[in-house]
Amino acid sequence: MTDPTQTTKPGRTDRPDGSFGRFGGQYVPEALMPALEELEDAYGRYVLENEDGFMDEFRARLADFGGRPIPLQRADRLSERYDREVYLKREDLLHGGAHKLNNALGQVLLAKYMGKERIIAETGAGQHGTATAMAAAHLDMPCEIYMGRTDVNRQRPNVFRMRINGADVNPVDAGRGTLKEAISETMRDWSRTVEHTHYVIGSIVGPHPFPAMVRDFHAVISEEAREQCLDRLGDLPDAVVACAGGGSNTMGAFHHFIPDEDVSLLAVEAGGSSLEVDEAAGVAPNSATLSTGDEGVLHGARTTLLQDSHGQIMESHSVSAGLDYAGVGPELAHLVETGRVTPVNVGDRVALEGFHRLSTEEGIIPALETAHAFGYLHEVCAEDGAIDDDPLGETIVVNVSGRGDKDLETVIEKTAEMGLEAAPDMSVFDGGLR
Amino acid sequence: MSDRSTIADAFADGPAFIPYLAAGDPSYEASLEYVEALDRGGADIIELGLPFSEPIAEGPTIQEAIVRALEGGMTPERFFEFVEDLEVEASLVCMTYYNLIYQYGTGEEGPRPFVERAAAVGIEGFVVPDLPAEEADPLRAACDEFGLDLIFIVAPTTRGERLERMMDRVSGYVYVQARLGTTGARDDVSDQTGATLERLAGYDVPKAVGFGIKTGDHAERIVAAGADGIIVGSALIDIVADGHASGAAVEETAAALETRARELVDGAARGAAADGNVPEPEQP
């Protein structure tokens, strides 16, 4: 039994070479290898050893600029509805409206300590791009963001925010124009500019040391949540629930709970419109990588992927741009393989219902990514829920990874399309908003 | 170090010309013609690209070639059939990304089934742009088992221990990346090339330079700077792409490729005749 009053050491699962079990590694073009070695060295000194007070400065800036610590709030209506104790880790209240700033601020600050002169980043939903643009403005670094054309079109408010913070936004036309293509293009930029540029990768993906380092910057989420649970409830929760695309909010919310074996950790993936795969078209109409993918090598790491039988990467799909990715962080792949983390998924429709429920009942408009976690909660906990299996227990922490302002256009459109019951009547807006 | 393939022989009689094309670009049949045209034009080794959906080391020219080849139905198995259908004198090297090598076969035997099949159709070596020396031991072991070469890319940023590690594992030739960045034809020749060649001077393995070589003059200067071979991809794919876009006959595009190949071979020969001295740029 774990003693819940004992502060546990962080549940590090990475080995010194950066691998997580059989996942991880550094599968990148040769030109980038020296940069990864330089980054490994900087990560070790500044992040792990707090050299020159790096972590102290990071924590201070997260407090003053970011607004940490972030509250753990009891969701009164959901608790009543489900007859359980539902708590919300309100990362949507972090500056910028999503958990992404933890990592972006950490990496831009690290780039400064390393003497780099320029920041580049990829973005899917635009949350990482906006967080990076903010952090770069805050720390006075020039910044360029790569974003798939499809995502530019469906996440326009975030494009405007990045531009207004002074970042350049480069649309990527390759493939389906989503996160996968944006990452590939940012890696290409980095291989040209590696000597003076730092690539602020936006999730726990990519070559070592990114997965471990990004996790460490986000680990403050579970560090706070764990303490808040012990302070408020005198005990640990029975389950922590977080949505999972690449997996950065997921690992941030899970990390300090990993040694607490009685706490269930649920990673909610995007089931999209279906879990069936169209092999001939190279399309998976979902992003349920942990649930349905298999092992392969993408974007610098050996991990779990959506791929066809030849090893070509599939085009993924989700109503949520931030979950729309054919890979997942190697550490999450490892934790699923060892059974510590349970992958589950809900589709677009259930996620949208979750979106409306949280908005109307709790007064919190969540990001569509986050809405997947609430969709899952409902399917398990509601009397009419579709999932019989109940790994959640009585006390549940849900990570509210971001706010949903960026998604309103998509939500209004999809809500009308699906004729959702849980949604307010949007018909008065037909034709008026676009 | 392995020298069981014939790849090293390609460097025996003067500088080697090593063209790259994406197999199946823009169609299986046309691509066969194009590769054979380069062989007639004097290729010593041909790097054949097996297209992967996420080619992170490629610039726009080769990315577009890969899209055309994938749309034309190229798969790993079709690629092996393609190699069997080719009638060429040159040695063949497969250039692809690690996931395709890794996924071939049952998925439990690592890269071995892919290497075995490649060896059976006559492939003599591999270039894998997303596989640094640190991750390459399983592929190196499979190459040793079947007598194939594993070629590594040396970047302008590769130095010290990393260079040593790579030189311990390389065979056939080293691919000297002429400049930082992705693949693509350029109008000038990088001065990073000479510095990299200098760092490699003490190693007894042929040095072929790629990334950005476009014309016979480039080839001449690169060879004069000490390269044992030149690798040319994007400049040739530009010809394929132009032919495809303008609807030119396959024979016409093939002839243009053969002409460019001869220009590059002649340039390389002039560079070798310059005996290690970098010639002054030609006056217009």
Side-chain angles (χ1 to χ4, degrees), chain A residues 17-19 22 24-38 172-176 180-181 183-197 206-208 279-280 282 294-303 305-315 326-327, chain B residues 50-60 63-64 66-67 70-71 74-79 96-105 107-108 114 128-136 152-163 165-166 174-177 179-184 211:
Chain A
D17 68 349
S19 61
R22 62 200 173 99
Q26 295 180 314
Y27 295 85
V28 295
E30 173 56 29
L32 294 181
M33 288 299 290
L36 293 180
E37 288 189 333
E38 186 189 349
V172 180
D173 287 315
R176 231 180 91 249
K180 174 167 75 73
E181 291 79 20
I183 294 177
S184 293
E185 201 55 36
T186 317
M187 286 191 162
R188 291 187 188 107
D189 180 312
W190 203 30
S191 66
R192 286 191 296 276
T193 58
V194 61
E195 287 169 316
H196 64 280
T197 295
H208 177 68
E279 168 110 12
D294 56 9
E295 187 185 339
V297 173
L298 175 66
H299 291 147
R302 179 187 298 263
T303 186
L305 303 176
L306 297 176
Q307 56 189 330
D308 70 13
S309 58
H310 304 298
Q312 304 290 3
I313 308 306
M314 295 265 196
E315 296 295 348
Chain B
L50 164 57
F52 176 54
S53 56
E54 301 304 311
I56 56 173
E58 316 297 350
Q63 282 181 55
E64 283 160 23
I66 283 171
V67 169
L70 287 173
E71 282 173 354
M74 185 50 71
T75 66
E77 203 45 56
R78 281 288 274 167
F79 177 81
T96 194
Y97 288 76
Y98 194 54
N99 201 47
L100 296 187
I101 295 176
Y102 187 75
Q103 297 301 332
Y104 192 80
E108 283 161 21
F114 187 92
V128 188
D130 64 343
L131 192 71
E134 285 76 358
E135 307 284 359
F152 286 103
I153 298 173
V154 174
T157 47
T158 310
R159 291 182 175 81
E161 277 177 38
R162 299 218 58 267
L163 187 59
R165 205 173 296 152
M166 198 180 286
V174 285
Y175 186 141
V176 178
Q177 181 180 333
R179 69 185 69 228
L180 281 179
T182 51
T183 54
F211 276 50

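Labels below follow one simple rule: chain letters A, B, ... track the order of the sequence lines, proteins then strands, and each chain is numbered from 1.
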For chain B, find which of A:Glu181, A:Met187, A:Met314, A:Lys180 contributes the most heavy-atom pairs closer than 4.5 angstrom.
-> A:Lys180
Heavy-atom side-chain proximity of A:Ile313 to B:Phe52 below 4.5 angstrom = yes
Distance col, row A:Leu305:CG vs B:Glu54:CD, nearest 0.5 angstrom, shows 10.0 Å
Specify the closest pair of heavy atoms between B:Gln63 and A:Ala174, including all atoms of both residues, with the distance to one decimal.
-> OE1-CB, 4.4 Å
Chain A: which of B:Ser53, B:Pro60, B:Gly59, B:Pro51 shares the most heavy-atom pairs with it under 4.5 Å?
-> B:Ser53
Do A:Glu30 and B:Val154 come close enough that some side-chain heavy atom pair is under 4.5 Å?
-> no
Atom group of B:Glu58 that falls short of 4.5 Å from chain A, counting heavy atoms = backbone
Nearest-0.5 Å distance that lies between atom NE2 in A:His299 and atom CG in B:Asp130 = 10.0 Å
Is it true that a side-chain atom of B:Thr157 and a backbone atom of A:Ala31 form a donor plus acceptor pair closer than 3.5 Å?
-> yes
Value for CH2 (A:Trp190) from CD1 (B:Ile56), rounded to nearest 0.5 Å, stands at 11.0 Å
Determine whether B:Leu100 and A:Gln312 make a side-chain contact, defined as any pair of heavy atoms from C-beta on separated by less than 4.5 Å.
-> yes
Could you check if a side-chain atom of B:Glu77 sits within less than 4.5 angstrom of a side-chain atom of A:His310, using non-hydrogen atoms only?
-> no
So which of B:Asn99, B:Ile153, B:Val67 has the largest heavy-atom pair count under 4.5 angstrom toward chain A?
-> B:Asn99
Residue selection (most heavy-atom pairs with chain A, distance under 4.5 Å) from B:Pro55, B:Pro132, B:Ala155 = B:Pro132
Atom group of B:Leu70 that falls short of 4.5 Å from chain A, counting heavy atoms = side chain
Give, as side chain, backbone, both or neither, the part of A:Ile183 having an atom under 4.5 angstrom from any heavy atom of chain B.
-> neither
Is the shortest side-chain N to carboxylate O distance from B:Glu135 to A:Arg302 below 4.0 Å?
-> no
